[in-house]
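Heads up: the structure comes next, in structure tokens.
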Amino acid sequence: MIIATYNVNGVNGRLPVLLRWLQEKQPDVVCLQELKAPQEKFPEKEINDAGYHAIWHGQKSWNGVAILSRGAEPQEVRRGLPGNDEDDQSRYMEAIVNGILIGCLYLPNGNPSPGPKFDYKLRWFDRLHAHADYLLKENVPVVLAGDYNVIPTGLDAYKPERWVEDALFRPETRAAYKSLVDQGWIDALRHLYPDEVIYTFWDYFRKAYDRNAGLRIDHFLLSPQILDRLVTAGVDKDVRGWEKTSDHAPVWIELR
DNA sequence: ATGCCCTACTTGGTAGGA
């Protein structure tokens with residue numbers, strides 16, 4: 001069983017790339033981020049025709065998350081991260097697929113930092129901590145997948161010294177990610193490949209992909225109840241080289 | 001230090017991304 005996460009950077013603008021990748025990869029479950037489409041503009045028919053059920057939480061222009069699955073229909077558990085009723089940004093949804101609780105998240109970028117956007121990122125992180133702790137205490141198989149907008153360590157950036165003042169790599173951000181993982185989660189790709197240079201994002205600027213000037217910011221956190229099913233994981237890096245592609249590549253895990 | 005590119009949208013210049 002393959003579960004993937006993919007920040008598409010506009011689900012409609014990216015539709016040919018997304019459909020081609022779905023056809024070639026045949027993932028079982030996909031978490032999408034940055035739909036950049038209102039609820040009624042999600043390409044449901046095209047996704048269905050590709051063989052996938054979909055649930056999604058859209059928003060005009062920005063953000064937006066979706067969970068796709070083939071076979072079993074995703075059973076939606078929640079949309080929106082608990083803890084702030086006034087937060088109307090579409091950044092989190094959760095569903096059960098094949099007995100696994102899947103959380104699909106798009107954590108705020110937080111730049112420029114410091115400032116109100118960075119404060120929002122850290123407050124969002126606080127709410128994620130609380131909810132993730134609740135999920136761990138359920139003692140069920142959980143996969144939290146998405147664009148965390150966090151460079152966890154210096155190994156995860158092409159030139160980490162360039163990122164120390166950036167919201168993706170500031171000490172507060174790294175500390176927040178570490179304290180989340182330290183609740184008892186397993187960073188799946190880092191667990192499998194502790195020393196490998198792995199990137200999931202390459203800037204559109206400066207020929208970053210050609211230079212492999214990337215970042216690892218899309219992550220899978222696994223609850224202990226599912227770790228023994230983890231077989232392998234990877235990044236479909238070649239997709240980042242396709243025409244009209246996202247600045248992120250799809251990332252996936254394989255479970256037995 | 002800035003722009004470099006790409007997205008959506010009040011479709012022509014902005015805002016946001018990372």
Side-chain angles (χ1 to χ4, degrees), chain A residues 5-21 31-43 46 56-66 87-92 104-122 124-125 128 145-174 176-177 197-219 235 237 239-251:
Chain A
T5 182
Y6 187 17
N7 179 323
V8 289
N9 188 15
V11 71
N12 287 302
R14 204 68 57 221
L15 197 54
V17 167
L18 175 61
L19 294 176
R20 177 183 165 191
W21 171 73
C31 296
L32 298 178
Q33 302 88 34
E34 279 211 87
L35 303 178
K36 293 188 171 180
Q39 190 69 13
E40 65 277 12
K41 293 277 182 65
F42 183 85
E46 291 86 345
W56 66 96
H57 191 196
Q59 180 182 331
K60 187 180 174 185
S61 299
W62 315 120
N63 310 318
V65 288
D87 183 0
D88 55 4
Q89 298 192 24
S90 299
R91 294 182 176 275
Y92 186 83
C104 173
L105 65 98
Y106 175 47
L107 209 138
N109 173 303
N111 279 307
S113 63
K117 291 192 172 183
F118 190 59
D119 295 341
Y120 174 66
K121 178 176 196 162
L122 295 180
W124 208 92
F125 237 133
L128 182 59
D147 178 358
Y148 284 71
N149 271 312
V150 175
I151 302 165
T153 74
L155 181 60
D156 301 310
Y158 173 63
K159 282 192 176 176
E161 66 275 15
R162 294 265 178 92
W163 294 89
V164 289
E165 297 293 321
D166 191 279
L168 279 63
F169 194 54
R170 291 185 73 91
E172 302 95 316
T173 305
R174 278 180 274 167
Y177 184 78
V197 171
I198 304 165
Y199 300 141
T200 67
F201 164 89
W202 296 261
D203 209 311
Y204 287 124
F205 299 171
R206 310 175 198 90
K207 301 186 186 300
Y209 181 66
D210 296 338
R211 297 185 295 118
N212 197 28
L215 305 173
R216 189 175 76 97
I217 56 176
D218 301 273
H219 308 299
V235 180
K237 186 179 175 181
V239 176
R240 178 62 182 79
W242 294 357
E243 291 293 315
K244 296 281 184 185
T245 198
S246 172
D247 40 7
H248 296 249
V251 188

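Just so it is clear, the values below take in all heavy atoms, side chains as well, and ignore hydrogens, waters and symmetry mates. Sequence lines set the chain letters: A, B, ... in the order given, protein chains first and strands last, and positions in each chain run from 1.
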I'd like to know if the side chain of A:Ser90 reaches the main chain of A:Gly58, judged simply by a donor and an acceptor atom lying under 3.5 Å from each other, with no hydrogens or angles considered.
yes
Test item: A:Ser246 side-chain N/O and A:Asn7 main-chain N/O as donor-acceptor pair under 3.5 Å
yes
Roughly how far apart, to the nearest Å, are [N] and [M] at atom [atom1]?
N      : M      : atom1 : result
B:dT14 : B:dA18 : P     : 22 Å
B:dC9  : B:dG3  : P     : 25 Å
B:dC5  : B:dT10 : C1'   : 23 Å
B:dA1  : B:dA8  : P     : 32 Å
B:dG13 : B:dT7  : C1'   : 14 Å

Could you check whether A:Tyr204 and A:Asn9, counting side-chain N and O atoms only, form a donor-acceptor pair closer than 3.5 Å?
yes
Identify whether any heavy atom of [X] sits under 4.0 Å from a base atom; if not, whether one sits that close to sugar-phosphate; answer base, sugar-phosphate or nothing.
X        : value
A:Asp147 : sugar-phosphate
A:Trp163 : nothing
A:Ile151 : nothing
A:Asp218 : nothing
A:Lys41  : nothing
A:Phe169 : nothing
A:Asp203 : nothing

On DNA chain B, nearest-nucleotide positions of A:Lys60 versus A:Gln89: which is more 5'?
A:Lys60
Please tell me which of A:Trp62 and A:Lys36 maps to the more 5' nucleotide of DNA chain B, matching each residue to the nucleotide holding its nearest heavy atom.
A:Lys36
Around atom CZ of A:Arg162, are there more than 12 heavy atoms of other residues, nucleotides or ligands at under 6.0 Å?
no
ring-ring contact (aromatic ring centres under 6.0 Å, His included) partners for A:Tyr177, two or more places apart:
A:Tyr148, A:His219
Could you pull out all residues at least two apart from A:Phe42 that satisfy ring-ring contact (aromatic ring centres under 6.0 Å, His included)?
A:Trp56
Chain A reaches DNA chain B, atoms under 4.0 Å from its heavy atoms, from B:dG3 to B:dA18
Would you say the side chain of A:Asn212 lies within less than 4.5 Å of the side chain of A:Lys237, judging by non-hydrogen atoms?
yes
